[in-house]
Amino acid sequence: MIIVDMETVKLSQIVMKWFPDMMPFFNPKELDSKILLRDGFTVLEPEDALEIIQYSICEHQSTGQLH
């Protein structure tokens, strides 16, 4: 049996941990986006964090939520 430690965090937590200088580029609604991490926040690597941030930016652009 494989146990997966899933955790839900906000995009702001990911940005603040690895790329705090990017915070001004997001609006509050974007930063409040919930992200489900399969293996939890503590094992998230910077490369994965950047990929999540890039995906979030694309998602908000495609739904017209960027300001």
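All residue numbers refer to positions in the sequence shown, counting from 1.
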For the pair Tyr55 and Glu59, evaluate side-chain hydrogen bond (donor to acceptor under 3.5 Å, both in side chains) and give the outcome as yes or no after the intermediate values.
-> CA-CA 6 Å; Tyr55 180 79; Glu59 275 298 300; 3.3 Å; yes
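- Atom CZ of Phe19 has more than 12 heavy atoms from other residues, nucleotides or ligands within 6.0 Å.
- Between atom CG of residue Leu31 and atom OG of residue Ser56 there is a gap of 10.0 Å, rounded to the nearest 0.5 Å.
- Residues Glu47 and Leu50 are not in side-chain contact: their nearest non-hydrogen atoms beyond the backbone lie 4.5 Å or more apart.
- Note: the hydrophobic cluster containing Val43 does not contain Leu11 (ILVMFWY, side chain heavy atoms under 4.5 Å, direct or indirect links).
- More than 12 heavy atoms of other shown residues, nucleotides or ligands fall within 6.0 angstrom of atom CE in Met23.
- Atom OG of Ser12 and atom CE of Met22 lie 13.5 Å apart (nearest 0.5 Å).
- Atom CD of residue Glu30 and atom CZ of residue Phe25 lie 12.0 Å apart, to the nearest 0.5 angstrom.
- The salt bridge (Lys or Arg N to Asp or Glu O under 4.0 Å) check on Lys10 picks up Asp32, with sequence neighbours excluded.
- Pairing each heavy atom of Pro20 with each of Pro24, the nearest pair is O-CD, 4.3 Å.
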Determine, step by step, whether Trp18 and Glu45 satisfy the side chain to side chain contact (heavy atoms under 4.5 Å, CB included) criterion, reporting the C-alpha distance in whole Å, the side-chain angles of both residues, the deciding distance to 0.1 Å, and the verdict.
-> CA-CA 9 Å; Trp18 285 280; Glu45 297 289 329; over 6 Å; no
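- Side chain of Glu7 to backbone of Leu37: no donor-acceptor contact under 3.5 angstrom is found.
- Shown are Ile52, Leu44, Thr8; of these, the side-chain contact (heavy atoms from CB on, under 4.5 Å) with Ile35 is made only by Ile52.
- For the pair Leu36/Met6, a side-chain contact is recorded, criterion being any heavy-atom separation below 4.5 Å from C-beta on.
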